[in-house]
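The next block holds one structure in the form of structure tokens; read it before the comments.
Sequence lines set the chain letters: A, B, ... in the order given, protein chains first and strands last, and positions in each chain run from 1.
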There are 2 protein chains.
Amino acid sequence: MKAPPIDIDRLFHALGDHTRRAILDRLCERPMSVSALAAPLGITLTAVAQHLQILEMSALVHTEKLGRVRTCRIEPAGFTALERWISDHRTVWQQRLDRLGELLAEGGDQH
Amino acid sequence: MKAPPIDIDRLFHALGDHTRRAILDRLCERPMSVSALAAPLGITLTAVAQHLQILEMSALVHTEKLGRVRTCRIEPAGFTALERWISDHRTVWQQRLDRLGELLAEGGDQH
DNA sequence: AGAATACTGAAGTATTTACTTGACAATCAA
DNA sequence: TTGATTGTCAAGTAAATACTTCAGTATTCT
């Protein structure tokens, strides 16, 4: 029941690549084999498999091999971790931005 | 009033670096000069300046030079763009995950 | 069995990245 | 003016990244 902790560095890195985000978008439509994913991408099967490894390490996709075909699907854990990071930081950022606003206001009043 | 559109690729890339996230965290406390930022990071001033350029292009920080000191502070635009990306995708992902659940349930019933 | 399919693994390459060094420019302080 | 502070610019480097090719290995089809 205990999932490995998700590395936020790895997660952002995974999402920082256009091709990997395209893969995620396609997987939102339906689970798919590696070659089905590769078909419209214009890169080799090997390259796609490499991207999938990175996406899997970030808990953004889950893959499972049955017979000779590996089926890939979206996994929510990575996405959830990202949302948690965002919400953790939003509060801090908002606080600090508010404080900055106050400081600027004070500075404006100051003389 | 028209801000340049934020490149999500660039944004994720900016956030995918540990040092850059550390810079952001420090800037949440208060606006700071480049050398103040560099001090605890153990890297050269030049390196920090380079990170700041990347953060600025992603609309995550704003910098302004007055006299010889460049003051850096958090800018909300990049963060807001990230939140928008997340919320846009959350709905799609959730829909697809729900649909996946249905498909699995159907499959389970099927025979 | 033989051929096609679906991937896997190892190794190589071009580009990008995260840094560095060192020389310089501008500003402020004594 | 002299000297220290604060940052910038141009180049260079080592490692990481996003690919590639080529040679396998299972697995399914006929």
Side-chain angles (χ1 to χ4, degrees), chain A residues 6-27 29-75 78, chain B residues 6-27 29-75 78:
Chain A
I6 291 160
D7 181 359
I8 197 76
D9 225 7
R10 195 172 259 177
L11 187 55
F12 275 123
H13 169 243
L15 288 167
D17 183 273
H18 163 261
T19 304
R20 276 185 303 258
R21 286 203 311 283
I23 289 176
L24 289 176
D25 284 345
R26 305 258 329 284
L27 287 180
E29 297 173 32
R30 61 194 145 75
M32 233 177 279
S33 73
V34 182
S35 22
L37 277 172
L41 288 176
I43 56 180
T44 58
L45 199 67
T46 307
V48 176
Q50 284 163 359
H51 282 306
L52 283 168
Q53 248 186 292
I54 289 168
L55 288 168
E56 203 167 9
M57 283 195 309
S58 318
L60 287 163
V61 313
H62 173 80
T63 78
E64 200 171 0
K65 194 165 184 178
L66 259 163
R68 65 181 166 178
V69 46
R70 177 176 297 279
T71 305
C72 314
R73 60 179 165 80
I74 291 281
E75 174 164 300
Chain B
I6 291 159
D7 180 358
I8 196 77
D9 225 6
R10 194 172 260 176
L11 187 56
F12 275 123
H13 170 243
L15 288 167
D17 183 274
H18 162 262
T19 304
R20 280 189 295 264
R21 286 202 311 283
I23 289 176
L24 289 176
D25 284 344
R26 305 260 328 284
L27 286 180
E29 296 175 30
R30 60 193 146 76
M32 232 176 280
S33 74
V34 182
S35 22
L37 277 171
L41 288 176
I43 56 179
T44 59
L45 199 65
T46 307
V48 176
Q50 284 163 359
H51 281 307
L52 283 168
Q53 248 186 292
I54 289 168
L55 289 168
E56 204 167 7
M57 285 195 308
S58 317
L60 287 164
V61 313
H62 173 81
T63 79
E64 200 170 359
K65 195 167 183 177
L66 259 162
R68 66 183 164 175
V69 46
R70 176 176 297 280
T71 306
C72 316
R73 61 179 164 78
I74 290 282
E75 173 165 302

Return a table of donor-acceptor pairs under 3.5 angstrom between the side chains of residues 15-22 of chain B and protein atoms on other chains or two or more places apart.
unit_1 : atom_1 : unit_2 : atom_2 : d
B:D17  : OD1    : B:T19  : N      : 2.9
B:D17  : OD1    : B:R20  : N      : 3.1
B:R20  : NE     : B:A14  : O      : 2.9
B:R20  : NH1    : B:H51  : ND1    : 3.1
B:R20  : NH2    : B:H13  : O      : 3.2
B:R21  : NH1    : A:D9   : OD1    : 2.9
B:R21  : NH1    : B:L15  : O      : 2.8
B:R21  : NH2    : A:D9   : OD1    : 3.4

Here the distance between atom P of D:dT17 and atom CZ of B:F12, to the nearest Å, is 17 Å
With sequence neighbours excluded, residues passing side-chain contact (heavy atoms from CB on, under 4.5 Å) with B:A36 = B:M32, B:S33
Close residues, residues 56-71 of chain A, relative to DNA chain D [heavy-atom separation under 4.0 Å] | A:G67, A:R68
side-chain N/O B:S33 vs D:dT6 OP1/OP2, d < 4.0 Å = no
Kindly indicate whether the side chain of B:L27, heavy atoms from C-beta on, has any atom under 4.5 Å from the side chain of B:L37.
-> yes
In chain order, what residues pass the side-chain contact (heavy atoms from CB on, under 4.5 Å) check against A:R10, with sequence neighbours excluded?
-> A:D7, A:M57, A:S58
Atom-to-atom span, CG of B:L37 to P of D:dT5 - whole angstrom | 19 Å
What string of B, S and - do you get for nucleotides 14-23 of chain C, 5' to 3', if B is base contact, S is sugar-phosphate-only contact and - is no contact with any protein heavy atom under 4.0 Å?
-> ---SSBBBB-
Rounding to 0.5 Å, atoms CG (B:L24) and CD (B:E75) come to a distance of 11.5 Å
All pairs passing side chain to side chain donor-acceptor pair (under 3.5 Å) where residues 41-50 of chain A contributes a residue, at least two apart = none
Heavy atoms of A:P31 and A:T71 approach each other most closely as CB-CG2, 4.1 Å
Check whether any side-chain heavy atom of B:V61 lies under 4.5 Å from a side-chain heavy atom of B:L52, and answer yes or no.
-> yes
